Every structure is written in structure tokens, then in C-alpha cells.
Undergrad: 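Encoded as C-alpha cells, here's the structure I'll be asking about.
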Amino acid sequence: MEIERKWLVTGWPQGRQPEKTIIMRQGYITVQPTVRIRSEESGGKTEYILCFKGKPSADGLAREEIETEIDPALFRRLEAFIARPLIEKQQRRYPLEGGLVLEVNQVDAGQPGEFFYAEVEFASEAAARAWQPGDLADYLAEEVTGTPGQSMGAYWLATRGDLAGE
């Protein structure tokens, strides 16, 4: 189960140092239900992941997520099958109190649709609802958790189109 809150943000958070930076490329086979591939490169190592996501809860806070690592050859075959440029993301991870992590993503840098968003994942829905951003309140002012059209799948459709529509 994936339980997370999401915000649109402007740039990287000031005054914080990331503990990890990951370069990602991701594409969608379908967005309803979500079937996605993603490569994640960090520290000279690249992982390739196939991900399935279920329908979000009514408030958009939780949904089933199944991820499995795949080999590079299958990733390349699925990328060719998608036949569209993959979304490019840089993700920086910042430690938060209580063992939480702020994941800030820059999407399609230098492209017309470039934007930044942030997420925090939680162990339970109650913890997600109770969490307050503290000194990040100004940075995390525009929460879009559960807002229609704010998913990466929606961004994919808007910028790359739908394979099923061919």
C-alpha cells in the first residue's frame, strides 16, 4: 500500500541538503490502471522497475502499489513498446523528523511543461493526516493530494498521449 501526500512546489527547498539524488526516466503503458516502467540511477547503479498502481482512495491518500525489479533488456523492450519519450525526473531526498523523507522532483527540466512537486510517504493514513510540515509550511503551501489531474499519469497523458488511443 502506498500512502502519501503531494504538493506542487517551486524549486528545491532552501537551506536543506539532500541525502540522496536519483535520476529517473519513466513511461506509462497505461494510466487506468497505472502500469509504469521507470529507471532509477543513483551512485553509479541503475535499477529498472515495473510498477502497477490501483485506484486511489476517495481522498487520494492511499492506493495499492506493486513494484518489481526487471532486467535492462525488458525495460528497453517496454520502452520501445511505449514509443514515446520517457518523462525525465531528478529526485532529491531530504530527511525529515520521525524518519520521514521529503522527496522533491523536478520533472522534464528545460521542457515547456517543466514543474516541481514534493511527496512524503507514510506508514498509515492516520499518520499522513496528522503530519504537519512545520518549518516547511511555506514551501509545502500548495497541497494537491487527491486533486484530479495532478498525478504523473495525468501529466503523461497531457504531454505524451495514451497508447490505447492509437
Side-chain angles (χ1 to χ4, degrees), residues 1-31 34-54 56 61-124 127-128 131 133-136 138-140 142-145 150-156 159-160:
M1 182 69 63
E2 174 186 60
I3 303 166
E4 66 185 11
R5 289 174 59 186
K6 181 177 181 177
W7 298 264
L8 292 179
V9 296
T10 304
W12 307 110
Q14 299 301 306
R16 293 183 179 259
Q17 292 299 314
E19 65 181 7
K20 188 174 190 176
T21 299
I22 304 169
I23 303 301
M24 301 177 177
R25 296 175 58 243
Q26 69 185 46
Y28 292 78
I29 296 164
T30 182
V31 297
T34 298
V35 180
R36 175 190 75 203
I37 59 168
R38 179 164 64 203
S39 66
E40 298 182 357
E41 188 275 317
S42 180
K45 181 182 178 202
T46 303
E47 294 180 350
Y48 301 92
I49 300 157
L50 176 62
C51 178
F52 303 87
K53 292 188 177 204
L61 198 58
R63 66 179 169 171
E64 188 63 39
E65 178 180 65
I66 301 166
E67 290 187 337
T68 188
E69 195 164 341
I70 59 175
D71 65 59
L74 179 55
F75 181 88
R76 285 190 296 277
R77 287 182 64 201
L78 291 170
E79 181 179 9
F81 176 79
I82 292 170
R84 287 164 172 71
L86 300 186
I87 295 169
E88 296 188 13
K89 295 178 13 178
Q90 181 182 138
Q91 182 182 90
R92 296 181 186 178
R93 296 182 178 177
Y94 303 86
L96 298 173
E97 289 183 25
L100 297 174
V101 176
L102 175 69
E103 298 175 350
V104 181
N105 298 273
Q106 180 183 29
V107 179
D108 280 342
Q111 301 299 314
E114 174 185 4
F115 69 101
F116 285 81
Y117 73 94
E119 295 177 328
V120 177
E121 292 194 18
F122 300 89
S124 71
W131 186 75
D135 66 342
L136 288 168
D138 288 342
Y139 180 70
L140 299 177
E142 190 178 350
E143 185 164 3
V144 296
T145 303
Q150 293 299 321
S151 69
M152 286 303 299
Y155 175 75
W156 174 266
T159 60
R160 272 70 169 185

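Owing to the predicted nature of the structure, the values given are computational and were not obtained by experimental measurement.
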Undergrad: Please step through side chain to side chain contact (heavy atoms under 4.5 Å, CB included) for the pair Thr10 and Glu142, ending with a clear verdict.
TA: CA-CA 10 Å; Thr10 304; Glu142 190 178 350; over 6 Å; no
Undergrad: Below 30° counts as parallel, above 60° as perpendicular, anything between as tilted: where do the rings of Tyr48 and Phe75 land?
TA: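 Tilted.
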Undergrad: Can any side-chain N or O of Asn105 pair as donor or acceptor with the backbone N or O of Phe116 at less than 3.5 Å?
TA: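 Judged by distance alone, no pair lies under 3.5 Å.
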Undergrad: Mind checking the OH-CE spacing from Tyr117 to Met152? Nearest 0.5 Å is all I need.
TA: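 One finds 5.0 Å between OH of Tyr117 and CE of Met152.
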Undergrad: Hey, is the main chain of Glu2 close enough, under 3.5 Å, to the side chain of Lys53 for a donor-acceptor pair?
TA: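 Between the backbone of Glu2 and the side chain of Lys53 there is no qualifying donor-acceptor contact (under 3.5 Å).
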Undergrad: Does Asp71 have more than 12 heavy atoms from other residues, nucleotides or ligands lying within 6.0 Å of its CG?
TA: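 Above 12, so yes.
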Undergrad: Applying side chain to side chain contact (heavy atoms under 4.5 Å, CB included), run through Tyr155 and Asp108 and close with a yes or a no.
TA: CA-CA 11 Å; Tyr155 175 75; Asp108 280 342; 2.6 Å; yes
Undergrad: Can you find a heavy atom in the side chain of Thr34 that is under 4.5 Å from one in the side chain of Glu65?
TA: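 No, side chains not in contact.
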Undergrad: Would you kindly check if the NZ (Lys) or CZ (Arg) of Arg92 is within the cone defined by 45 degrees around the ring axis of Trp12 and under 6.0 Å from the six-membered ring centre?
TA: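 Relative to the ring axis of Trp12, which defines the angle, Arg92 lies inside both limits.
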Undergrad: Could you give the distance from CD (Glu103) to NZ (Lys89), rounded to the nearest 0.5 Å?
TA: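 Spacing of CD (Glu103) from NZ (Lys89) equals 8.5 Å.
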Undergrad: Just wondering, are more than 12 heavy atoms of other shown residues or ligands nearer than 6.0 Å to CD in Glu97?
TA: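 No, CD of Glu97 has 12 or fewer neighbouring heavy atoms, counting only those of other groups under 6.0 Å.
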Undergrad: Just wondering, more than 12 heavy atoms not from Gln17 lying within 6.0 Å of its CD?
TA: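 12 or below, so no.
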Undergrad: Does Glu40 offer a backbone N or O that forms a donor-acceptor pair with the side chain of Thr46 under 3.5 Å?
TA: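 Side chain of Thr46 to backbone of Glu40, a donor-acceptor pair under 3.5 Å: no, none is there.
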Undergrad: Supply the atom-to-atom distance Glu69 CD to Ile49 CD1, rounded to the nearest 0.5 angstrom.
TA: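 Going from CD on Glu69 over to CD1 on Ile49, the span is 6.5 Å.
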Undergrad: Where is the tightest heavy-atom contact between Glu4 and Phe122, given as atom of each residue plus distance?
TA: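 Looks like CA-CD1, 4.3 Å.
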Undergrad: Hey, which of Glu88, Glu79, Arg38 is the one that makes side-chain hydrogen bond (donor to acceptor under 3.5 Å, both in side chains) with Gln26?
TA: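 Among the candidates, only Arg38 passes.
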Undergrad: Are Trp156 and Ile82 close enough that some pair of their side-chain heavy atoms sits under 4.5 Å apart?
TA: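 With C-beta onward as the side chain, the pair touches.
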Undergrad: With rounding to the nearest 0.5 Å, note down the distance linking CZ in Arg63 to CD1 in Ile3.
TA: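 Interatomic distance, Arg63 CZ to Ile3 CD1, rounded to 0.5 Å: 12.5 Å.
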Undergrad: Tell me the closest heavy-atom pair linking Ala118 and Val9, and the distance in Å.
TA: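 Ala118 and Val9 have their closest heavy atoms at CB-CG1, 4.0 Å.
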Undergrad: Could you check if a side-chain atom of Leu50 sits within less than 4.5 angstrom of a side-chain atom of Ile66, using non-hydrogen atoms only?
TA: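 No, too far: nothing below the 4.5 Å cut-off.
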Undergrad: For Gly11, does its backbone N or O pair with a side-chain atom of Tyr139 as donor and acceptor, under 3.5 Å?
TA: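 Yes.
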Undergrad: Got a sec: does the CZ of Phe115 have more than 12 other heavy atoms crowding it under 6.0 Å?
TA: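 It does: Phe115 CZ has more than 12 such atoms within range.
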Undergrad: Please find the pair of heavy atoms, one from Arg160 and one from Leu86, that lie closest to each other, and give the distance.
TA: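 Between these two residues, the closest heavy atoms are NH2-O, 3.2 Å.
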Undergrad: Arg5 side chain to Trp131 main-chain N or O, any donor-acceptor pair under 3.5 Å?
TA: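 Yes; at least one donor-acceptor contact below 3.5 Å.
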